[in-house]
Each structure stands twice: as structure tokens, then as C-alpha cells.
Amino acid sequence: MSSEPTLKIGITCYPSVGGSGIIASALGVELAQRGHEVHFISYERPFRLPVDAPRIHFHPVTINSYGLFKYPDYTLPLSVKMAEVSRDHQLDILHVHYAVPHATAAILARAMLPAAQQPRVVTTLHGTDTTLLGNDPGYGPAIHHALTHSDAVTAVSEFLKHETQRVLNFNGPIEVIHNFFEPATPRRSRDEVRRELGLRDEVLVLHSSNLRPVKRIGLLLETVARIRPRAAFKLVILAGGDFAPFAADVRRLGLEDCVIVRENVSEVEDYLQAADLALYTSETESFCLGILEAMCFACPSISTSVGGIPEVIQDNQTGLLVPGDNPDDLARAVEKLIHDKSLRLTLGQAAQARARQNFSAAGMVSQYEALYRRVCGR
Ligand code: GMT
């Protein structure tokens with residue numbers, strides 16, 4: 001722990017499976033380990049947040065349903081809870097992950113409090129809060145307002161910073177703090193996991209995502225259907241969501257024997273250490289935490305070259321980037337790494353070194369800490 005004064009930090013994120021919630025939870029855990037008091041405020045306990053960890057508190061937001069409202073409102077009860085927690089625990093900082101509606105709720109919460117009790121608001125943009133909702137006229141002006149009134153704004157990649165400036169016409173400062181991942185020790189050995197998956201010598205190709213349309217699971221399966229020979233690999237999908245809507249595609253493409261799905265896995269490390277390469281076919285991606293998670297286990301990724309991914313993967317050094325969205329091109333890149341084990345291992349080692357050097361928890365959490373101290377003058 002450092003000798004500098006500790007801070008009281010409120011964190012709001014989506015608690016469900018998703019990169020922004022994972023980063024917010026990991027950040028809270030690291031901050032608490034550094035001696036700060038951390039208060040999570042959300043409608044559910046974030047799924048990767050440990051129970052009973054010292055200095056980590058959880059404050060649920062209760063949403064009542066009223067017959068008068070066609071759609072239940074979350075923003076107002078969230079803002080009231082943020083104001084209450086800020087006042088009762090004298091928060092220095094409210095750090096919101098994903099602007100909609102968290103940043104708006106934080107700005108409102110701050111305005112509800114007398115000046116002496118107001119926390120500083122830090123907003124971290126994660127992706128579709130800019131690239132999708134920022135383009136929606138029903139959200140854009142509210143996001144712009146919340147960013148303008150935040151005490152600091154961060155983005156998880158240079159790409160997202162520039163998209164925020166472009167899409168929202170926002171010209172305030174944005175600090176880029178990349179994502180980080182601190183892998184836990186796997187609970188099972190690589191062999192045990194491969195046995196569970198029924199693998200012998202096949203190359204394990206991993207895809208881990210929330211399966212939203214932006215991930216283009218259709219393109220992922222079309223790619224896999226073109227990889228030859230079929231017997232050389234298995235695709236393991238760690239699905240943070242319901243895979244059922246894609247089952248028909250798996251059958252149509254005759255992939256029943258080479259696709260294995262595991263839903264809502266919490267021990268991702270078990271599967272990451274068993275993987276040989278990872279495959280991502282997203283339409284856009286501000287960062288792609290799944291790629292970084294794989295890098296930490298010396299597993300190189302093949303990905304479409306979109307959004308902030310070239311900030312994570314260096315083509316031909318720590319993975320392979322494929323321009324465009326042609327499944328044949330993607331399949332050829334996968335085949336290259338399936339058949340060239342030496343290249344796969346070289347890229348994997350370089351990926352792991354890069355993850356440790358450029359995307360470590362120690363480095364990124366220190367950047368957030370420095371930002372907090374700057375905005376609250378402590
Ligand atoms: O923006 C989203 O679609 C949701 C968000 C999430 O909660 O998973 O994903 C974004 O944030 C992640 C964590 O910073 C990034 O790794 C993802 O690339 C990003 N998703 C997109 O940009 C599509």
C-alpha cells in the first residue's frame with residue numbers, strides 16, 4: 001500500500017457478463033487491495049466481484065414497477081442511490097463505466113448534493129456507448145452533456161477517443177487508459193480441461209464473447225466451416241449469453257462435431273490456458289478484452305482488423321489481423337496458425353510479453369489512481 005491518502009471511490013457498471021463490467025470489477029478489486037474503500041452501486045452484484053473481500057461494498061439499486069410507466073426507469077433510482085452512498089460514505093470519486101445511463105445518473109447525483117458533499121465524476125467510455133448510442137439522436141445529446149460535465153473522461157483505446165470526438169463532436173479532454181487483465185491461477189490443468197472438452201491432438205480455437213450482433217457470430221461460424229482439415233481443430237465458444245439462436249447455423253454448416261459451447265463460464269482461465277489460438281470476427285471493437293485475456297496465456301489471436309484491435313494485436317508479431325470480412329481470408333489465417341505450430345508459439349510468447357508489458361493491472365490501475373488524485377486534489 002502507498003503512503004498517500006486512501007480514497008473513497010464509488011463504481012457503477014453493468015453487472016452482467018461483458019467487458020466493461022469485468023474491467024470495472026477488476027479495477028475495484030485492485031483499488032481495494034491498494035487500501036482504497038470501494039463502493040459498487042448497481043442493480044446486481046457484478047458477477048466477477050469477490051464476496052467478502054476487504055474494503056469492497058455493494059449497494060443495490062432497487063427499481064419498483066409502477067403501472068403508470070410503460071417502461072421502468074433505472075436512471076433516477078440509480079442517481080438517488082449514488083447521491084445517498086456519496087453522502088453517507090463521503091465518496092471522493094464516482095467512477096462510472098459505460099456512459100449510458102451511468103454518466104447521466106452520476107451528474108444528476110452530484111447536482112442533488114450540497115457542494116461540500118459532491119464527489120468528482122469520472123466517466124470511462126467502453127465502446128458502444130459512443131459507437132452505437134452516440135449516433136442515436138435519442139441519446140447523443142445526453143451523452144455529450146454528461147461527458148462535458150464529468151470531471152474527467154477516459155476511453156479504453158485511442159480509436160474510441162477519436163470516435164468520441166468525431167461522433168459526439170466532443171472536444172473536452174479524453175485520457176486513454178487501455179484495458180488490463182490480471183489472470184487468476186487456473187483451477188484445473190490444461191490436460192483436465194482438454195479431457196473435459198473431449199480433445200485429443202486437435203488445436204483448440206477459442207472464442208469468448210457476449211455474442212451480441214457486433215461480434216458477428218454468423219461470420220465466425222462461416223469462417224470455421226471453411227477451415228481444413230476439419231479434424232485438425234475444435235472451436236470452443238465461451239458464450240456470455242444464450243447460444244441457442246446460433247444452433248441452426250451450426251447444423252446448417254455441418255459443424256456439430258467441431259463446435260463446443262460453454263455458457264456463462266466464470267473460470268475463464270481454465271479454458272484460456274487450454275487454448276492454442278483465439279478467433280474474433282467483430283464488426284467493430286473498441287479494444288476486445290477477449291484478445292487480451294488470451295494474450296495473458298500466450299495464446300495468439302486472429303481477428304478482423306477493426307476499431308481499436310490494432311492497438312492490442314501487432315500483426316504478424318503478437319497475432320494476425322485480417323483486413324475486411326471475407327470468411328475465406330479469415331479461414332486461411334486460422335489454417336496458417338493451425339499448421340505452423342512454431343509460428344503459433346512464437347506469436348503467443350510475444351503476445352504474453354506484450355500483455356505483461358503494456359496491459360498490466362499494475363500499470364493501468366496506477367493511471368486511474370493518478371487521475372483520481374488529480375481531479376480531487378489529493
Ligand atoms: O460497448 C459494448 O458493446 C459493451 C462493452 C461491454 O460491456 O462488453 O464492450 C466494450 O467494452 C469492452 C471493455 O472495455 C471492450 O473490450 C469491447 O471492445 C467493447 N465493445 C465494443 O466496442 C463493441
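One-based numbering, in listed order, for ligands and for the atoms of each.
Other cluster members for Tyr66: Leu68, Phe69, joined by side-chain heavy-atom distances under 4.5 Å among Ile, Leu, Val, Met, Phe, Trp and Tyr.
Two rings, from Phe359 and Phe287, have their centers less than 6.0 Å apart. Checked against a 6.0 Å centroid threshold, the rings of Tyr372 and His95 count as neighbours.
Contact check on Arg48 versus Glu293 returns a salt bridge, with a Lys/Arg side-chain nitrogen under 4.0 Å from an Asp/Glu carboxylate oxygen. Under the 4.0 Å criterion applied to side-chain N and carboxylate O atoms, Asp276 and Lys234 are not assigned as salt-bridge partners.
In terms of polar-atom proximity, defined here as any N/O pair under 3.5 Å, Val156 makes no such contact with ligand 1. Looking at ligand 1, you won't find any N or O of Gly21 less than 3.5 Å from one of its N or O atoms. Considering backbone and side-chain N/O of Leu289, one or more are found under 3.5 Å from N/O of ligand 1. Residue contacts with ligand 1: Asn179 is placed with a nitrogen or oxygen under 3.5 Å of a nitrogen or oxygen of the ligand (distance criterion only). Considering backbone and side-chain N/O of Gly19, one or more are found under 3.5 Å from N/O of ligand 1. The shortest N or O to N or O distance between His126 and ligand 1 is under 3.5 Å.
Closest approach of Leu292 to Asn179, counting heavy atoms only: CD2-O, 3.7 Å.
Listed by atom number, the atoms of ligand 1 under 4.0 Å from Cys288 heavy atoms are 15 (C), 16 (O), 17 (C), 18 (O). Close contacts between ligand 1 and Thr284 involve ligand atoms 23 (C) [criterion: under 4.0 Å to a heavy atom]. Counting atoms of ligand 1 from 1 in the listed order, those under 4.0 Å from a heavy atom of Phe287 are 16 (O), 18 (O). For ligand 1, the atoms lying closer than 4.0 Å to a non-hydrogen atom of Ser20 are 6 (C), 7 (O), 8 (O), 13 (C). In the vicinity of Arg212, heavy-atom distances shorter than 4.0 Å reach the ligand 1 atoms 2 (C), 3 (O), 4 (C). Of all atoms in ligand 1, listed by their number and element, those nearer than 4.0 Å to a heavy atom of Ser286 are 15 (C), 17 (C), 18 (O), 19 (C), 21 (C), 22 (O).
For the residue pair Thr164 / Thr130, a side-chain donor-acceptor distance below 3.5 Å is found, with atom types taken as modelled. Side-chain atoms of His97 and His102 form no donor-acceptor pair, as typed in the model, at a separation below 3.5 Å.
Within the 4.5 Å cutoff, no side-chain heavy atoms of Ile291 are placed close to those of Glu285.
When the heavy-atom distances from atom 23 (C) of ligand 1 to His97, Glu293, His178, Glu285 are ranked, the shortest goes to Glu285.
Residue Tyr98 touches ligand 1 through its side chain alone, judged by heavy-atom distances below 4.0 Å.
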